[in-house]
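Data block below; observations after.
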There are 2 protein chains.
Amino acid sequence: MSTAISAQNLLRDRGLRVTPQRQSVLNLFLTESGQHFSADQIRQRLLPQMPGLARGTTYKVLQEFVRAALCEELATPDGVSLYGLRLRPHHHFICDQCGRWFDVEVTGVDGLRPVALPPDSEVRDVAVFFHGVCSECRGASGSA
Amino acid sequence: MSTAISAQNLLRDRGLRVTPQRQSVLNLFLTESGQHFSADQIRQRLLPQMPGLARGTTYKVLQEFVRAALCEELATPDGVSLYGLRLRPHHHFICDQCGRWFDVEVTGVDGLRPVALPPDSEVRDVAVFFHGVCSECRGASGSA
DNA sequence: CTCCCTGCAAAGTGTTTGCATAGTA
DNA sequence: TACTATGCAAACACTTTGCAGGGAG
C-alpha cells in the first residue's frame, strides 16, 4: 500500500481533535479506499475493535468529517446516507444491483453544457454518476 | 403552454387506474413542468382542492408513478425524496442555496469516459448534476 | 360485481439531540 | 485545567404498512 497519509495527521491538519473513534473511522476509509459506507456499516465494521462505539457517535464523527471536507455524504434512494473519502475531486460509478458506490475519475467533464438553464443561474460544479453493474455482480449473476 | 398531454390519458396509457388523486398529482407535475417536489409539498399544494388527501396516499401514488416510469425519485442529503416527471430523458441543475432541482438537457454527455473503472464493470447509464445557484436566489442574495 | 385505491392510524427506520462522564490539548 | 467528544437513550422526521370502506372498470 502507498498509504503514506496517517489518520492522525489528516485529523490534525484539518484542525480536528484526535480521538480513537475518529482515527478508526478515518482508517477504515483509508484502508478501503474509494469505497462508501453507511453510518451503521461503519459502526458494525468497527465494533469488534471498539465495542463501545455508540451509534450517535458514529453520526457525529461523520458529520464532523463532512464539515471538515474530509468526507462526502451521498444520499441513496432508500433513505440511507453513504459516506466516502473526499481527499481529491472525483465522480462515482454506482452498481444498481448491489447498490455500492465506487469513486472514479472522469474525462470529458469540461465538455458538458447545460441547455436552457434558467437565465442568470450560476453553475459552480458538476457531478457525474455512472450507473451500471459492477464486476462482482456480473460475475455472480452471469447473464442479465 | 403546449400541454396537449392530459393526465387522464397519461395514466391510461401506462395502465394505471384514473382516480382524482392521481390526476391531481400528475396535473401538478404537468403544470409546474421541470420542477420537483417532496411527497408532503405535493400534499400541501393539493390539500385546498382535495382536503381529504392522506399522507399515505400521496406516497402510494408517487410510488406507483415511479414504478410506471412516469416519475423519478431523487434522494436529497437531508433525507427527503423529491419527485419529478420523467417523460423524457434529462439531467438536473441543483440550486445549493434553496435546494430546488431543475430539469435540464445536457450536451457533451457522450464525451464522458470513466477512468480506471473496475475491470468487467458494465456502464448502462450516466446522470449529470450541475450544482450552483438559481436565478431567483442570485437575485435575492445579491452577491456571494 | 369485482378488484383496487383511498383514508386513517400505527409501526418502522435512519438520524438527531441532550446530558453527564471521560478524554484531549 | 478548560473545553470538547463520547456513550446512552429519548426524541424526531420521513416513509411504509394494514385494514375497512368507497370508487373505478
Side-chain angles (χ1 to χ4, degrees), chain A residues 6-27 36-68 70-83 99 101, chain B residues 6-26 36-68 70-83 99:
Chain A
S6 83
Q8 206 175 103
N9 289 335
L10 217 42
L11 289 170
R12 265 201 251 283
D13 290 353
R14 308 279 172 146
L16 301 176
R17 284 202 176 180
V18 179
T19 69
Q21 291 81 353
R22 292 179 177 182
Q23 288 186 78
S24 293
V25 173
L26 193 42
N27 269 324
H36 302 77
F37 309 95
S38 70
D40 243 28
Q41 282 174 340
I42 292 172
R43 179 161 173 264
Q44 294 304 330
R45 294 278 289 254
L46 298 181
L47 273 182
Q49 61 181 77
M50 189 170 274
L53 182 60
R55 204 167 275 123
T57 301
T58 314
Y59 281 102
K60 284 175 192 163
V61 167
L62 290 169
Q63 242 174 32
E64 199 58 29
F65 284 6
V66 171
R67 219 170 310 166
L70 255 175
C71 284
E72 61 188 351
E73 181 182 358
L74 304 161
T76 68
D78 42 284
V80 194
S81 283
L82 295 183
Y83 298 85
W101 298 46
Chain B
S6 83
Q8 206 175 104
N9 289 334
L10 217 41
L11 290 170
R12 265 201 251 284
D13 289 352
R14 308 278 173 146
L16 300 176
R17 282 201 177 182
V18 179
T19 70
Q21 291 81 355
R22 292 181 177 181
Q23 289 186 78
S24 292
V25 174
L26 193 43
H36 302 77
F37 308 96
S38 71
D40 242 28
Q41 283 174 340
I42 292 172
R43 178 160 174 266
Q44 295 305 331
R45 293 279 289 254
L46 298 182
L47 272 183
Q49 61 182 78
M50 188 170 276
L53 181 60
R55 204 168 275 123
T57 300
T58 313
Y59 280 103
K60 285 174 192 163
V61 167
L62 290 168
Q63 242 175 32
E64 200 58 30
F65 284 6
V66 171
R67 219 170 310 165
L70 254 176
C71 283
E72 60 188 351
E73 182 183 358
L74 303 161
T76 69
D78 43 282
V80 194
S81 283
L82 295 183
Y83 298 85

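Each chain gets a letter, A, B and so on, in the order its sequence line appears, and its residues count up from 1. For the numbers below, each heavy atom of this structure counts, side chains included, while hydrogens, waters and symmetry mates do not.
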Just how far, in rounded Å, is [atom2] of [N] from [atom1] of [X]?
X: A:Arg22; N: D:dT4; atom1: CZ; atom2: P; value: 11 Å
X: B:Leu74; N: D:dC14; atom1: CG; atom2: P; value: 17 Å
X: A:Leu62; N: C:dT16; atom1: CG; atom2: P; value: 10 Å
X: B:Glu64; N: D:dA24; atom1: CD; atom2: C1'; value: 14 Å
X: B:Arg55; N: C:dA11; atom1: CZ; atom2: P; value: 17 Å

Select one nucleotide: of D:dA5, C:dC8, D:dT15, the one nearest the side-chain heavy atoms of B:Val80.
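Of D:dA5, C:dC8, D:dT15, D:dT15 is nearest to the side chain of B:Val80.
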
Picking from D:dG7, C:dA25, C:dC8, which would you name as closest to the side chain of A:Ala54?
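Output: D:dG7.
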
Looking at [X], does any N or O in its side chain come under 4.0 Å of the phosphate oxygens OP1/OP2 on [N]?
X: B:Thr57; N: C:dC5; result: no
X: B:Tyr59; N: D:dT16; result: no
X: B:Thr19; N: C:dT6; result: yes
X: B:Gln21; N: C:dC5; result: no

Which sits closer to the 5' end of DNA chain D, B:Lys60 or B:Arg12, going by the nucleotide each is nearest to?
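First, find each residue's nearest nucleotide; the 5'-ward one identifies B:Lys60.
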
